[in-house]
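These notes are about the structure you will find just below.
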There are 2 protein chains.
Amino acid sequence: MENRLEKIKKQLHTSSYKLTPQREATVRVLLEHEEDHLSAEDVYLLVKEKSPEIGLATVYRTLELLTELKIVDKINFGDGVSRYDLRQEGAAHFHHHLVCIECGSVEEIQEDLLEDVEAIVEERWNFLVKDHRLTFHGVCRNCQTKHAEVTPLNPEKTSI
Amino acid sequence: MENRLEKIKKQLHTSSYKLTPQREATVRVLLEHEEDHLSAEDVYLLVKEKSPEIGLATVYRTLELLTELKIVDKINFGDGVSRYDLRQEGAAHFHHHLVCIECGSVEEIQEDLLEDVEAIVEERWNFLVKDHRLTFHGVCRNCQTKHAEVTPLNPEKTSI
DNA sequence: CTAACTGCAAAACGTTTGCAGGTGT
DNA sequence: ACACCTGCAAACGTTTTGCAGTTAG
């Protein structure tokens, strides 16, 4: 953890950005909530817990900076808010998401499942792929189980 | 075209929604601009050309309604605006997009390239896939050609 | 006839920006 | 020392909402 923080510090310095206490606090929050998909407001509130003097604008500016440096990825699940997701160390590609349409939970897929698809797109559409966003909407494991409790039939795929 | 409009009318009635002139005008605009990815404002301006008395709020309410009925899909390419995209007739799944990071053009892929990936997700993550969003960010055919303008190639088909 | 729908204007929302002052390198 | 950074509040652009009047079914 401290390790990753150090790395990020270096990345900032390399691009000649200063590491202010506010930026450090923000990065710490992101590291502590790597599983979550925090909105700027979420990050703000969490940072505020430890550094109450921080302003929302600073959080926005920091998140923008981190996005620019590809330390975090900015994502949008269709609700009105941008969410910020720490990149995996050394990940070439953005990871995928499984959004449950019933409970709203978000699961991450770190594996790159798109290699073949990207090859097809590059070849057939002549499009030079630099990044991707893939999100599946559906029913998560938990919510499927809940249904099965109500009507304990064999858990077949429900038709839409 | 009239055919598709009729179908949409029926879908509205089936769900006991009224077909007002404003809604019809909005749907017509969407049908006439199927290739584009219009924002609410875009739609509003286009509808206004033929029905100047329409209000922006009505357009928003209509687009929301059409989204709810799965007649259109609401998408977000990361700029601050929602865009609305007519579903293909009988399409089970949402189509994919190629967004050019240089010129901003958006190309559509109607083929479903995700069948295999979805099977993997369902099996390995136990996630019941209902829909997906897949967007590739990269460099389109045209912009690649521009780069190579030193060594002029034969002009390819223009996208968008 | 009346519940559903409309236009308008105001409000709400997330996000950005200008500025005067402060701070890390 | 000085460019970069901050907090605040005001400004922004998009989307939603309250309301009084209108209309499709």
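Only this structure's heavy atoms are used, side chains among them; waters, hydrogens and symmetry mates stay out. A note on names: the letters A, B, ... follow the listed sequences, proteins ahead of strands, and every chain is numbered from 1.
Spacing between atom OH of B:Tyr44 and atom C1' of C:dT6 amounts to 13 Å, rounded to whole angstrom units. Residue A:Lys74 contributes atom NZ, which lies 14 Å from atom P of C:dG14 at whole-angstrom precision. Between B:Ile54 atom CD1 and C:dC8 atom C1' the separation is 13 Å, expressed in whole Å. Atom pair A:Asp79:CG and C:dT15:C1' shows a separation of 15 Å (rounding to whole Å applied). Nucleotide D:dC5 holds its P atom 12 Å from the CG atom of A:Leu66, rounded to whole Å. The separation between A:Glu24 atom CD and C:dT23 atom C1' is 15 Å, rounded to whole Å. In this structure, B:His13 places its NE2 atom 10 Å from P of C:dC5, rounding to the nearest Å. Residue B:Leu56 contributes atom CG, which lies 16 Å from atom C1' of D:dG18 at whole-angstrom precision.
In this structure, A:Val59 and A:Ala40 approach most closely via the heavy-atom pair CG1-O, 3.8 Å.
For B:Lys18, the side-chain atoms get nearest to C:dC5 when compared with the rest of D:dC5, D:dT17, C:dC5. The A:Ala57 side chain lies nearest to C:dT17 when the options are C:dT15, D:dT14, C:dT17.
When the nearest nucleotides of DNA chain C are assigned to B:Ser16 and A:Tyr84 by heavy-atom distance, the more 5′-ward of the two goes with B:Ser16. Between B:Arg83 and A:Val59, the residue anchored closer to the 5' end of DNA chain D is A:Val59, taking for each the nucleotide with the nearest heavy atom.
The base of D:dG7 lies close enough to the side chain of A:Arg61 for a donor and an acceptor atom to sit less than 3.5 Å apart.
In this structure, B:Arg133 forms a cation-pi arrangement with B:Phe94, its terminal cationic atom sitting closer than 6.0 Å to the ring centre and no more than 45° off the ring axis.
Counting only N and O atoms by type, the side chains of A:Glu64 and A:Tyr84 include no donor and acceptor under 3.5 Å apart.
Distances shown here put a side-chain N or O of B:Tyr60 below 4.0 Å from the OP1 or OP2 atom of D:dT15. Residue B:Arg23 places at least one side-chain N or O under 4.0 Å from the OP1 or OP2 atom of C:dT6. Of the side-chain N and O atoms in B:Gln22, one or more sit less than 4.0 angstrom from OP1 or OP2 of C:dG7. Residue A:Thr20 places at least one side-chain N or O closer than 4.0 Å to OP1 or OP2 of D:dT6. Note on B:Ser82: every side-chain N or O is 4.0 Å or more away from OP1 and OP2 of D:dT14.
Taking the six-membered ring where tryptophan is involved, the planes of A:Phe77 and A:His37 are perpendicular, since the angle between them exceeds 60° and thus also 30°.
Residue contacts for A:Glu53: at a heavy-atom cut-off of 4.0 Å it reaches the sugar-phosphate backbone alone, with no base atom in range.
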Subject >> Verdict with reasoning, A:Glu107 to A:Arg141, per salt bridge (Lys or Arg N to Asp or Glu O under 4.0 Å) >> reply: CA-CA 10 Å; A:Glu107 201 176 343; A:Arg141 200 191 320 258; 3.7 Å; yes
